There are 2 protein chains.
Amino acid sequence: MKTLKIPEATIIRLSVYSRHLTDVDRKGIITTSSGEIADGVGVSPAQVRKDLAYFGEFGTRGVGYNVKDLRQHIMRILGLSADWSVTLVGVGNLGLALSTYKGFRDRGFIITSIFDADPKKVGTVVEGVKVLPIDQLETVVRQNRTQIGIVAVPSEFAQEIVDQLIKSGVAAILNFAPVVLNVPPEIELRNVDLAVNLEVLTFNVCGQRCY
Amino acid sequence: MKTLKIPEATIIRLSVYSRHLTDVDRKGIITTSSGEIADGVGVSPAQVRKDLAYFGEFGTRGVGYNVKDLRQHIMRILGLSADWSVTLVGVGNLGLALSTYKGFRDRGFIITSIFDADPKKVGTVVEGVKVLPIDQLETVVRQNRTQIGIVAVPSEFAQEIVDQLIKSGVAAILNFAPVVLNVPPEIELRNVDLAVNLEVLTFNVCGQRCY
DNA sequence: TTGCGTATGTTAATTATAGCACTATCAAGG
DNA sequence: CCTTGATAGTGCTATAATTAACATACGCAA
């Protein structure tokens, strides 16, 4: 339909809408409106309609949206109609936390392999998945046709792990190491930097008066 | 120059600049330029200058920026000239990971208290800090004059923890629970939703063609 | 001391994003 | 079957953010 550029902010909100709709659906509610969704997730009704309008017409004028239906549509838009195979590299505290994070599996992200450089960790089993050495990364990831890599290794190793992931055929990488990574343009990369989040807070708490 | 609204995107970039400058400084480099910073963190030189221009003039025309100096300035802008007292609520896998995360302490965020609802966890010591029961939260947080709360509890308890944190006088909250929280406008709130990050990736991997 | 090269700070233009207001459409009830 | 109330979809407006362009100021060397 449209090859219009979609704002990333819209995608993030869609993800939140879908989560909200899952909750609403669980309560047995059949129909909802842009206003109700807006209240539920803290944006304006116009924003909700605008976001959805990028992708088609999912509602009925004068009535609203069918909850199940809209949820399904958004899930499909986000690419969540089928499961995704995910690999996790790095089983430090953060990696361990990520491996047990329920939110991933709930949304169809299945961790199919785990790797770590530490020989002491290799061989252990985390959440039912055996931790493998890094030198098996390429083979296993390629074999599983894993498309998403999560990087939870120390900053100094992040780039080399990313390079290996790319060589192994992943299409997207979620990076938790606080470094700037070089990836070719066709690879999707997102960085999550926990300290940055705190720093945005402190800036705002200072009331932007500290300087 | 004052009381100008600063884009949040600018703050996030400043945080990244400061990290980059820390690295550069560690290499013993004295002077840098907007172009070098831009290369280092993957934005445009104009963007770097624009971001800095919100807060003053830190460079010398024809020369560039003094690394140490600029870094110091940015740190002050972000409110990082002094340490911050942080409380962590929830010692599941994620909470545990956060408590050991080096990035926090490096940037002056000190976890001064930890709480959990689970009696089995209360009394244990995490990273040198004793885990306390939730009912001591208000007293301890108030006593420590803790200004930042990190919420790493299951979604269904997040709102009630947040309410308690606010009652205890915190100014800012970093929330890891995937729910929309209600807070009064004077409280700074940031949400980190790990699944949302993956979903932005999958949307982009689908090439926005899935729908 | 003066001119040149360079990188900043700033203003202007472009682009992107969000908000608003209007219009079209549907459901329900008399 | 028509009227009324409600709400999605959409074009336009305003606001925000990024990019580009330019003029200013500094260091250095002749």
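We name chains A, B, ... by the order of the sequence lines, and we start the count at 1 in each one. Keep in mind that this is a model prediction, so the values were computed, not measured.
Distance OH (B/Y65) to P (D/dC26): 14 Å, rounded to an integer number of Å. Taking atom CG of A/D51 as the reference point, atom P of D/dA8 lies 14 Å away to the nearest angstrom. Between A/I37 atom CD1 and D/dG9 atom P there is a gap of 10 Å when expressed in whole angstrom units. The distance between atom CZ of A/F58 and atom P of D/dT10, rounded to the nearest whole Å, is 11 Å. For A/F55 and D/dA8, the CZ to C1' distance is 17 Å, given to the nearest whole Å. Atom P of nucleotide D/dA8 and atom CD of A/Q47 are separated by 15 Å, given to the nearest angstrom. Atom CG in A/L52 sits roughly 10 Å away from atom C1' in D/dG9 (whole-Å rounding). We find that CD of A/E57 is positioned 13 Å from C1' of D/dT7, with the value rounded to whole Å.
A side-chain donor-acceptor contact under 3.5 Å links B/S34 and B/R49.
Where B/P7 and A/A46 each meet DNA chain D at their nearest nucleotide, the meeting point lying more 5' is that of A/A46. Nearest-nucleotide positions on DNA chain C place B/R61 closer to the 5' end than the other of A/G62 and B/R61. Mapping A/V63 and A/E8 onto DNA chain C by nearest heavy atom places A/E8 at the nucleotide closer to the 5' end.
Residue B/T60 places none of its side-chain N or O atoms closer than 4.0 Å to OP1 or OP2 of D/dC26. The phosphate of D/dA17 has neither OP1 nor OP2 within less than 4.0 Å of any side-chain N or O from B/Y54.
Once you apply a 4.0 Å limit to the heavy atoms of chain A, the touched nucleotides of DNA chain C run 5' to 3' over C/dT17 to C/dA27.
The listed nucleotides are D/dA21, D/dT19, D/dG9; the one nearest the side chain of B/S44 is D/dT19. When distances run from any side-chain atom of B/A9 to the nucleotides D/dG11, D/dT19, D/dT18, the shortest one goes to D/dT18. Of the candidate nucleotides D/dT10, D/dA8, D/dA17, D/dA17 has the atom nearest to the side chain of B/K5.
The pair B/E8-B/R190 counts as a salt bridge, with a side-chain nitrogen and a carboxylate oxygen less than 4.0 angstrom apart.
Here the side chain of A/S33 pairs a donor or acceptor atom with the backbone of A/E36 at under 3.5 angstrom.
A perpendicular orientation is assigned to the rings of B/F55 and A/F203, their planes being inclined by more than 60° (bins at 30° and 60°).
Within the 4.0 angstrom heavy-atom criterion, only backbone atoms of the sugar-phosphate kind lie near B/S34; the bases stay farther away.
Two residues are said to be in side-chain contact when any heavy atoms from C-beta on lie closer than 4.5 Å; A/I148 and A/F109 meet this criterion. Between A/D51 and A/I11, the closest side-chain pair of non-hydrogen atoms is not below 4.5 Å.
When each of B/R107, B/R71, B/Q72 is checked for a side-chain hydrogen bond (donor to acceptor under 3.5 Å, both in side chains) with B/S18, only B/R107 meets the rule.
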